[in-house]
Structure formats: structure tokens, C-alpha cells
Amino acid sequence: MNSALYFGVSSNNDTLEIATLEPGRAAVAIEFPANAMGVEAIKLFLADCAVPVRLAVAGAAALSLALALGDAPRREVFIVSSSVTSQPVALAHYARRAI
Amino acid sequence: MAAGAVGDTPWPASGHIFTIFFHPPEQSFEAVDADLPNISGSQHREEQAVKRFNLPGIGRFSAVTFGPGAAPAVGAAADGTRPASEKVPAVKRIAELLLPEDILLDMEVPGKSQLIDEIGGHMQRVHALARESVALSLSHREQIGSTGLGEGVAIPHARVKGLDRVQVAYLRLKPPIPFDSPDGKPVSHVLVLLVPKQATEQHLAILAEAAQLLSDRRFRERLHLCKHPLEVKRLFEGGPDGRAH
């Protein structure tokens with residue numbers, strides 16, 4: 001899956017932080033509101049991706065997020081315990097390296 | 001940061017960036033560096049690494065990034081620990097990108113396809129973009145899935161080949177139109193987003209800011225009350241509370 005895009009999503013009570021790993025670019029976390037519109041906005045973005053997408057999600061709403069964001073073709077989602085990491089950039093790295 | 005070694009492989013010298021990925025279930029780790037082949041080791045070596053860099057409890061984390069002149073940071077933090085070759089692009093806010101001439105209030109359109117045609121026409125008149133190309137790009141995106149977000153908000157958007165900057169427009173519809181939104185509500189707030197092919201982060205940042213602002217009921221109510229495009233622009237500058245956000 002060399003041409004995939006990798007995302008890390010960390011959820012807490014107020015925000016959903018998402019980080020993207022792209023070749024040659026720094027990963028930066030961007031905050032979405034932790035509400036229905038925030039999730040829909042992330043889904044909009046993921047739907048635009050023309051390549052396979054791999055996500056690692058962690059945090060308060062990890063399970064529901066995984067179900068909401070993973071329900072699409074060519075998409076893999078990993079749920080990561082917050083005790084492993086809850087930082088979105090680290091989660092994106094996790095998504096890239098998970099087998 | 002002093003140089004060290006894992007087995008026969010030297011630790012990167014001071015000034016290098018490298019990342020260690022820990023795999024607690026397997027009690028192993030990998031160290032990845034641009035200048036070195038990937039190396040791996042056992043729990044014993046992980047303990048050596050933890051001891052070397054004085055990171056208590058590090059085995060519970062999946063990744064640690066070390067950077068030049070910075071304390072080791074857990075979880076590849078986005079501060080000073082990324083390679084110097086990677087540039088963080090400047091991300092503009094909606095208010096910076098939204099021009100008064102791209103704010104259209106109380107537009108009357110019967111449906112989504114007519115709205116997309118109107119957006120194409122507007123982009124041609126104001127920004128000399130090809131009407132058909134814009135409309136086609138937006139239409140293709142809607143075929144993938146509705147860009148309605150719920151609560152009367154939609155963000156029709158598309159990546160447009162040859163575009164040299166992000167184009168944003170805000171349209172307030174009167175009356176609202178059906179948009180196949182997740183909550184089934186008709187749409188009256190339309191934020192149009194045209195982005196260059198390579199603008200992933202800016203695209204994501206605008207979606208995040210739009211969701212932050214437009215998910216606030218008070219912000220939507222204030223948008224409804226705006227009588228002039230400049231009021232809308234000021235509202236986007238100030239955020240839901242009227243303060244810069």
C-alpha cells in the first residue's frame with residue numbers, strides 16, 4: 001500500500017485532532033469539533049482521497065469514530081489504545097506501520 | 001544528544017532525527033532514520049534506549065522521535081522534532097480567503113444542480129475560471145457523496161487542476177434547498193471550496209474551521225441576520241462569539 005494516505009485521529013470530549021502523513025511533508029495536527037458536523041467534515045475529506053486510506057484512531061470516541069470513518073471501500077481503520085498513544089501524529093505513523 | 005549503538009549499528013549522532021517504534025506485545029522495537037537502514041532490537045535493547053534517554057515508562061508508547069537540540073518527545077510531537085527538510089505550509093483561514101465579491105446573500109435556486117451551475121458561472125465572472133470545469137468538478141464530487149454536513153450547511157468542494165490558490169465562496173440560499181444531507185435538513189448555508197490539486201493540509205484546515213464555526217447554532221443565526229457581504233466576512237473573522245478565533 002505504498003500510495004496510501006495515512007491518518008491519525010485522536011478524540012477527546014471537545015475536539016477531534018487529525019494528522020495526515022504525506023510523502024515529503026510534515027505531519028501537522030488539525031482540530032475538528034467533536035460533534036456530528038466535525039465527523040461529517042472529516043468524512044467529506046476522506047471521501048476526496050483518490051488513494052487507499054489507512055487510519056489509526058484513539059480516544060474517547062474511538063470505536064464510534066472507527067465505525068463512522070471506516071465505512072467505505074479501500075479504507076482500513078485501526079483502533080489504538082490511548083495507553084499506547086493518543087497523539088494524532090504518532091497515530092498516523094502507527095497507521096503507516098501497522099500490518 | 002550523544003551518539004550510541006544498538007548492537008553493531010551506531011545511534012545517530014547529534015543533529016539527526018530518528019524515530020523509535022515500540023511494539024510492546026512483541027517486546028521489540030525498531031529505530032528508523034533517514035540516513036541509516038532500519039534496525040531492530042529486543043526488550044533488553046529497548047531498556048537500554050530508555051535508560052540512555054531517560055524516558056520513564058516509554059515502553060507503553062508506540063513511537064518516540066528525537067530531534068536536534070530538543071528533548072526527546074513522546075509520540076512524534078509536531079514541535080521542532082521534524083526533519084528540517086520538511087516545511088510546514090502556511091495555512092490560511094477562511095476569513096483571509098473569503099472575498100466580499102464571493103459572498104452572495106439570499107440566492108434563489110431550485111435545486112442542487114442549478115446551484116452548482118450558478119457557482120460555475122460566478123467563478124467564471126469573478127475569477128475567470130472555466131465555468132464548465134468548475135461545475136463538472138463540483139458535480140463529480142457530489143456524485144461520490146453529498147457534501148451536506150447537516151444543520152442546513154453544505155460545503156461543495158473540488159480539487160481543480162491548474163488552480164493556483166484556494167477559492168472560497170459563501171452563498172446563503174433563500175429558500176433552503178434539499179441536499180441529501182445526513183440529517184435530511186435542507187441547506188441554506190453553502191461554503192464553496194475550490195482547492196489546487198496539492199493543497200491537502202489547507203483543504204483539511206478549511207473544513208475543520210468551517211465545521212467549528214458552522215456547527216455553532218449562534219454563528220448560523222448570526223449569518224442569517226447579515227445584510228451585507230462585509231458583515232459575513234467580519235463574522236467569519238470573529239467566530240461564533242464575535243471575537244477573533
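Sequence lines set the chain letters: A, B, ... in the order given, protein chains first and strands last, and positions in each chain run from 1.
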Any luck finding a side-chain donor-acceptor pair between A:Ser10 and A:Gln87 under 3.5 Å?
->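 The criterion, which ignores hydrogens and geometry beyond distance, is not satisfied for A:Gln87 and A:Ser10.
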Consider only side-chain N and O atoms of A:His93 and A:Tyr6, and report whether a donor and an acceptor are under 3.5 Å apart.
-> no
Side chain from CB out, backbone as N, CA, C, O: work out which of these in B:Ser146 comes under 4.5 Å of a heavy atom of chain A, or both, or neither.
->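 Just the backbone, heavy atoms under 4.5 Å.
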Portion of A:Leu44 that has a non-hydrogen atom of chain B nearer than 4.5 angstrom =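 Backbone plus side chain of A:Leu44, per the 4.5 Å heavy-atom cut-off to chain B.
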Can you tell which of B:Leu207, B:Leu204, B:Ile144 has the highest number of heavy-atom pairs within less than 4.5 Å of chain A?
-> B:Leu204
Between chain A and each of B:Ser181, B:Gly148, B:Pro182, count heavy-atom pairs under 4.5 Å; write down the option with the most.
-> B:Pro182
Show me the donor-acceptor pairs within less than 3.5 Å that the side chains of residues 153-162 of chain B make with the rest of the protein, sequence neighbours left out.
| from | atom 1 | to | atom 2 | distance (Å) |
| --- | --- | --- | --- | --- |
| B:His157 | ND1 | B:Ile155 | O | 2.7 |
| B:His157 | NE2 | A:Asp48 | OD1 | 3.2 |
| B:His157 | NE2 | A:Asp48 | OD2 | 2.6 |
| B:His157 | NE2 | B:Arg141 | NE | 3.4 |
| B:Arg159 | NH1 | B:Lys197 | O | 2.7 |

Are B:Phe236 and B:Phe219 close enough that their ring centers fall under 6.0 Å?
-> yes
